[in-house]
Novice: 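One structure coming up, written as structure tokens, with questions to follow.
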Amino acid sequence: MGANASNYPHSCSPRVGGNSQAQQTFIGTSSYSQQGYGCESKLYSLDHGHEKPQDKKKRTSGLATLKKKFIKRRKSNRSADHAKQMRELLSGWDVRDVNALVEEYEGTSALKELSLQASLARPEARTLQKDMADLYEYKYCTDVDLIFQETCFPVHRAILAARCPFFKTLLSSSPEYGAEIIMDINTAGIDMPMFSALLHYLYTGEFGMEDSRFQNVDILVQLSEEFGTPNSLDVDMRGLFDYMCYYDVVLSFSSDSELVEAFGANQNCLDEELKAHKAVISARSPFFRNLLQRRIRTGEEITDRTLRTPTRIILDESIIPKKYAKVILHCMYTDVVDLSVLHCSPSVGSLSEVQALVAGRPNMTRAEEAMELYHIALFLEFNMLAQGPALGTTEKAAIFFAL
């Protein structure tokens with residue numbers, strides 16, 4: 001048989017007579033006749049013998065004209081005649097202005113290509129999520145121990161408090177350093193691997209194991225009722241940066257290199273201090289991680305813990321100017337390089353600014369600041385800062401030339 005008649009438009013009419021020859025001129029009508037549906041399909045005829053030549057020619061020419069109209073309309077909608085719009089825009093412009101516009105377009109296109117090539121040439125930077133996963137796995141600078149089913153889980157007080165209302169309340173009752181807290185979870189069916197996966201989720205925003213129980217809606221509802229529903233990792237880490245709850249380290253700046261080597265100074269010789277968390281800066285920067293581990297080996301960390309005072313890290317401002325400190329910390333907590341932080345508030349006491357004024361140099365351009373920040377990122381071994389997604393095309397192109 002031919003194609004099924006139900007797939008084509010048809011109309012039903014009472015059967016008149018039994019002209020078998022007429023039935024053969026339509027596709028799919030014979031099965032309807034045998035089953036007695038009482039209707040004939042009016043489909044496309046295979047026999048055009050009764051059609052007059054002039055009617056056929058008129059029908060063909062009409063379809064061709066309609067096709068041309070559709071093609072013309074489609075082309076006009078797609079092209080939108082940009083050349084005409086540009087002519088109307090530039091009709092009253094001076095020739096020099098038009099030439100400047102063309103040069104601007106060409107320069108922007110070249111910078112875009114340079115930015116693309118720079119992104120392809122550089123290795124992939126580690127994201128906040130990956131560094132937080134390593135922080136949970138390798139336990140840098142932990143300050144509290146959770147005991148669950150006779151298993152110890154060293155964790156970071158600030159991160160859990162920022163991510164989970166349950167832990168914020170629980171940890172506030174044990175503020176001392178290195179506290180051991182026995183976990184009592186009401187949700188049924190939580191074993192040690194699942195508890196570890198929950199902690200991994202708080203650190204990274206993703207479960208660290210494939211467990212069918214995480215697909216159980218009832219268990220997830222019970223966990224959310226007991227622990228609370230955290231925000232996204234980006235939102236909570238930004239809140240941790242803004243409020244600096246449970247901070248345990250301060251960054252100070254000095255122009256005295258001997259003072260920096262000695263890790264001690266008169267408070268009057270120090271500029272403004274910036275608060276931070278050891279867990280975050282050690283996870284994001286191998287430079288800070290090695291520095292903090294050296295303090296642990298020399299016993300200085302034990303003194304800070306005994307006195308319950310934040311660890312002070314003194315940085316040489318000739319290497320890391322203070323004006324970039326907030327940009328660096330902001331990137332460590334959010335993975336965003338925001339150079340507008342440099343200009344949102346006046347910065348005083350910066351050695352680099354004083355040197356620039358003494359030498360008679362003008363204020364640095366945005367590209368020059370990006371270049372200086374890039375070299376600081378290499379010193380700190382903080383690739384995300386060097387490849388920051390918020391840098392503009394000009395800054396990225398300047399960094400590209402430095403590679």
Novice: Counting distance only, does the side-chain N/O of S109 pair as donor-acceptor with the main-chain N or O of Y105 below 3.5 Å?
Specialist: no
Novice: Can you tell me how far the CG atom of L291 sits from the CD1 atom of I296, to the nearest 0.5 Å?
Specialist: 10.5 Å
Novice: Are D94 and D97 packed together at the side-chain level, in the sense that at least one heavy-atom pair is separated by less than 4.5 angstrom?
Specialist: yes
Novice: If only side-chain N and O atoms count, and only distance matters, is there a donor-acceptor pair under 3.5 Å linking Q117 with E113?
Specialist: yes
Novice: Do E273 and S252 get their side chains close enough for a donor-acceptor pair, meaning under 3.5 Å?
Specialist: yes
Novice: How about T303 and T309: do any of their side-chain heavy atoms sit closer than 4.5 Å?
Specialist: no
Novice: Return the set of residues passing ring pair (Phe, Tyr, Trp, His ring centres under 6.0 Å) with F287 (not counting sequence neighbours), or none when no residue passes.
Specialist: F379
Novice: In this structure, is the centre-to-centre distance between the rings of Y246 and H277 below 6.0 Å?
Specialist: no
Novice: Should the pair D134-K130 be classified as a salt bridge under the 4.0 Å nitrogen-to-oxygen rule?
Specialist: no
Novice: Using side-chain heavy atoms (C-beta onward) and a distance below 4.5 Å, is M384 in contact with C331?
Specialist: yes
Novice: Search all heavy atoms of M237 against all heavy atoms of L128 and return the closest pair with its distance.
Specialist: CG-CD2, 3.9 Å
Novice: Kindly compute the distance separating NZ (K278) from CD1 (I313), expressed to the nearest 0.5 Å.
Specialist: 8.0 Å
Novice: side-chain hydrogen bond (donor to acceptor under 3.5 Å, both in side chains) with N231: which residues, sequence neighbours excluded?
Specialist: D236
Novice: For residues H330 and Y333, determine if any side-chain heavy atom of one lies less than 4.5 Å from a side-chain heavy atom of the other.
Specialist: no
Novice: Would you be so kind as to tabulate the donor-acceptor pairs closer than 3.5 Å made by side chains of residues 145-156, with sequence neighbours excluded?
Specialist:
from, atom 1, to, atom 2, distance (Å)
Q149, OE1, M192, N, 3.3
Q149, NE2, I190, O, 3.3
T151, OG1, Q149, O, 3.3
H156, ND1, Y203, OH, 2.8
H156, NE2, Y140, O, 2.4

Novice: May I ask you to check whether Y324 and E372 show a side-chain donor-acceptor distance below 3.5 Å?
Specialist: yes
Novice: For L233 and T204, which heavy atoms make the closest approach, and how far apart are they?
Specialist: CD2-O, 3.6 Å
Novice: Which value, rounded to the nearest 0.5 Å, describes the distance between D316 atom CG and I319 atom CD1?
Specialist: 4.5 Å
Novice: Taking all non-hydrogen atoms of both residues, which atom of A133 and which atom of H200 are closest, and how far apart?
Specialist: CB-NE2, 4.2 Å
Novice: Does this structure show an ion pair linking D131 with R126, if we count only N-O contacts that are shorter than 4.0 Å?
Specialist: yes
Novice: Would you say the side-chain atoms of N99 pair up with the backbone N or O of V95, donor to acceptor, closer than 3.5 Å?
Specialist: no
Novice: Measure the spacing between CG of D335 and CG of D234 and express it to the nearest 0.5 Å.
Specialist: 7.5 Å
Novice: Salt bridge check: are K326 and D338 linked by an N-O gap of less than 4.0 Å?
Specialist: no
Novice: Identify, with sequence neighbours excluded, every residue that meets side-chain hydrogen bond (donor to acceptor under 3.5 Å, both in side chains) alongside S196.
Specialist: Y136
Novice: Looking at every non-hydrogen atom in both residues, tell me the closest pair between V280 and M332 and how far apart they are.
Specialist: CG1-O, 3.9 Å
Novice: Got V144 and L160 here, is their nearest side-chain heavy-atom distance under 4.5 Å?
Specialist: no
Novice: Taking atom CG of L101 as the centre, does the number of heavy atoms from other residues, nucleotides or ligands within less than 6.0 Å exceed 12?
Specialist: yes
Novice: Counting C-beta onward and ignoring hydrogens, is there a side-chain heavy-atom pair between W93 and L90 closer than 4.5 Å?
Specialist: yes
Novice: Looking at every non-hydrogen atom in both residues, tell me the closest pair between V249 and P310 and how far apart they are.
Specialist: N-CB, 4.0 Å
Novice: Which donor-acceptor pairs under 3.5 Å do the side chains of residues 164-182 make with protein atoms, sequence neighbours left out?
Specialist:
from, atom 1, to, atom 2, distance (Å)
T169, OG1, P165, O, 3.3
S172, OG, K168, O, 3.4
S172, OG, T169, O, 2.7
S173, OG, L170, O, 2.6
Y177, OH, T142, O, 3.3
Y177, OH, R305, NE, 2.9
Y177, OH, R305, NH1, 3.2
Y177, OH, R305, NH2, 2.8

Novice: Can you tell me how far the CG atom of L274 sits from the CG atom of L251, to the nearest 0.5 Å?
Specialist: 6.0 Å
Novice: Any chance you could measure N186, atom CG, to Q222, atom CD, to the nearest 0.5 Å?
Specialist: 10.0 Å
Novice: Considering residues at least two apart in sequence or located in another chain, which fulfil the side-chain hydrogen bond (donor to acceptor under 3.5 Å, both in side chains) criterion with S282?
Specialist: none
Novice: Identify the two heavy atoms, one from L292 and one from C141, that lie closest to each other, and give their separation to 0.1 Å.
Specialist: CD1-SG, 4.0 Å
Novice: Report yes or no: is the cationic atom of R284 (NZ for Lys, CZ for Arg) closer than 6.0 Å to the six-membered ring centre of F382, at no more than 45° off its axis?
Specialist: no
Novice: Within the 3.5 Å criterion, strictly below it, is a donor on T311 or D304 matched to an acceptor on the partner's side chain?
Specialist: yes
